[in-house]
**Student:** 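Supplied in structure tokens, the structure appears directly below.
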Amino acid sequence: MADPGSGRGFNLSIVSPEKALFEGEVSFVVVPAFDGELGILAGHAPLMALLSDGVLRVETAAGTQRFRVKGGFVQVVDNKVSVLSEIAEEAA
Amino acid sequence: MQKAREIKRRIHSVENTRQITSTMELVAASKLRRAQQRVAAARPYAAKLNEVIRSLLTPELSHTHAILRQPEVIRRSALILLTSNRGLAGAFNANLIRLAQRTLEERRRAGVKVEFHVVGKKGIRFFSYRGEPMTTARQDITDRPTMDDARSLVDPLIAQYESGEIDAIEVIYAQFKSAMSTPPALMRVLPVAAGGDEDGRRSHNYLLEPSPDEILKFVLPLYVRNSVYRALVESAAAEQGARRTAMKNATDNANDLIETLTREYNRARQSQITQEIAEIVGGAEALRG
């Protein structure tokens, strides 16, 4: 599947209190926002949103990674996306 | 000879002790390393959380969010004391207990009713011996505390704070400054420190979904919980640091003792030999007549 977007990347970090699960350059991320899935590309407007339980999809140059989160929230600012979740783990 | 054998036995006993203390030192050192990693791993989350809250917080919100209320007088408060389940960590638990006693006394003198929550066998044992009433006493938190531990510890208290049953939540824990320095510290979890710096507040025009109110309602308990989690993780690391230091000192002492005893043993043995030779020579002399 071709990646959507301009091909530009942005920085994503996924952290839980216990550890940082992901940190790096990505091209596209889909987060399970409280009211449905939310796709984020480079240059997204500043945003804070709550997450529900679900799977987070991350597209990097190396391929697709998935993380399971239970609640939490996402912050987008200056082309940096941070996902904070008390319970998060890498999904197979 | 009696004396030399006696010393030999003491050397053996000290050697056995040294074996134990040096093993405990190694175990504590490796646990410390992992605990330190957990302290470090908790930092990005805490930093981000602080940043988000700062950018959402405005003074007016304290009227709409019960968790932000700033009580004028504190009538009842909750005090959480974190101690360890295991001893042999030097003055680690004693320091925490002393600070807890002092804090209890101060609060009571100020007319505050204190609900006392104790974590860790060492604290529980001390205060139950002293007949101090404890609202909760928990021993189930291991040396690898999790977010679940923090949640079960503080969530009921957050609810009590919001409903106005208690006016403050404080935690006594061991700060982890370095492996050598782990002073006991008192942290006020609620009410949250008023204000926050102006800059960074609403500096970006965030799209907020669902609404700032809803987000804060979700994020503020996270913040409180995370403060407690941090205290748990730091205390766990501090315990291992204190134990490693205590066991290192014990091992060093054992080494010194063995050195002194060995010297004493050699001297006893030497004098024994000298005396035997003297006896033989004396006997030979006597025979020659």
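Numbered from 1 within each chain, the chains take letters A, B, ... in sequence-line order.
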**Student:** Treating Ser13(A) as the side-chain partner and Ser82(A) as the backbone partner, does any N or O pair qualify as donor plus acceptor under 3.5 Å?
**Tutor:**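 Answer holds: no.
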**Student:** Taking atom CD of Gln36(B) and atom CG of Leu32(B), what is their separation to the nearest 0.5 Å?
**Tutor:**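 So the gap between those two atoms works out to 4.5 Å.
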**Student:** Tell me, for Val219(B) versus chain A, whether the close heavy atoms (under 4.5 Å) come from the side chain, the backbone, both or neither.
**Tutor:**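 Just the side chain, heavy atoms under 4.5 Å.
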**Student:** Given heavy-atom pairs under 4.5 angstrom as the criterion, report whether the side chain, backbone, both or neither of Arg225(B) touches chain A.
**Tutor:**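 Side chain only.
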**Student:** At what distance, to the nearest 0.5 angstrom, does NE2 of His44(A) lie from CG of Leu38(A)?
**Tutor:**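 One gets 5.5 Å once the value is rounded to the nearest 0.5 Å.
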**Student:** Which of the residues Val52(B), Leu49(B), Asn226(B) is involved in the greatest number of heavy-atom pairs with chain A at under 4.5 angstrom?
**Tutor:**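 Of the options given, most contacts go to Val52(B).
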**Student:** Which of the residues Val15(A), Leu50(A), Asp35(A) is involved in the greatest number of heavy-atom pairs with chain B at under 4.5 angstrom?
**Tutor:**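 Option with the greatest count: Leu50(A).
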**Student:** Any donor and acceptor pair, going by atom type alone, linking the side chain of Asn11(A) with main-chain N or O of Glu25(A) inside 3.5 Å?
**Tutor:**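 Side chain of Asn11(A) to backbone of Glu25(A): no pair is present.
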**Student:** Quick one: what part of Ile87(A) sits under 4.5 Å from any heavy atom of chain B, side chain, backbone, both or neither?
**Tutor:**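 For Ile87(A), the contact with chain B is made by the side chain alone.
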**Student:** Could you tell me whether a side-chain N or O of Asp149(B) sits under 3.5 Å from a main-chain N or O of Thr146(B), the two making a donor and an acceptor?
**Tutor:**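 Yes, Asp149(B) side chain to Thr146(B) backbone: donor-acceptor pair under 3.5 Å.
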**Student:** Quick one about Asp143(B) and Ser84(B) (side-chain donor to acceptor, distance below 3.5 Å, no hydrogens or angles considered), yes or no?
**Tutor:**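 Not at all, the side chains of Ser84(B) and Asp143(B) share no donor-acceptor pair under 3.5 Å.
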**Student:** By a 4.5 Å heavy-atom criterion (distance strictly below it), what part of Arg230(B) contacts chain A: side chain, backbone, both, or neither?
**Tutor:**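 For Arg230(B), neither part sits under 4.5 Å from chain A.
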**Student:** Please classify the contact of Val76(A) with chain B as side chain, backbone, both or neither, using a heavy-atom distance under 4.5 Å.
**Tutor:**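 Contact with chain B is through the backbone of Val76(A) alone.
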**Student:** Is Phe22(A) atom CZ crowded by more than 12 heavy atoms from other residues, nucleotides or ligands, each under 6.0 Å away?
**Tutor:**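 Atom CZ in Phe22(A) is crowded, with more than 12 foreign heavy atoms closer than 6.0 Å.
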**Student:** Check step by step if salt bridge (Lys or Arg N to Asp or Glu O under 4.0 Å) holds for Lys80(A) and Asp78(A).
**Tutor:** CA-CA 5 Å; Lys80(A) 281 220 299 264; Asp78(A) 296 337; over 6 Å; no
**Student:** So which of Glu18(A), Lys19(A), Glu86(A) has the largest heavy-atom pair count under 4.5 angstrom toward chain B?
**Tutor:**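 Max contact count across the listed options: Glu86(A).
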**Student:** Given the options Pro210(B), Ala41(B), Ala42(B), Ala40(B), which has more heavy-atom pairs under 4.5 Å with chain A than any of the others?
**Tutor:**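 With the most close heavy-atom pairs to chain A, the winner is Pro210(B).
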**Student:** Looking at Val233(B), Asp148(B), Leu222(B), which one has more heavy-atom pairs under 4.5 Å with chain A than the rest?
**Tutor:**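 The option with the most such pairs is Leu222(B).
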**Student:** What option among Lys48(B), Arg43(B), Gln37(B) has the most heavy-atom pairs under 4.5 Å with chain A?
**Tutor:**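 Of Lys48(B), Arg43(B), Gln37(B), Lys48(B) has the most heavy-atom pairs under 4.5 Å with chain A.
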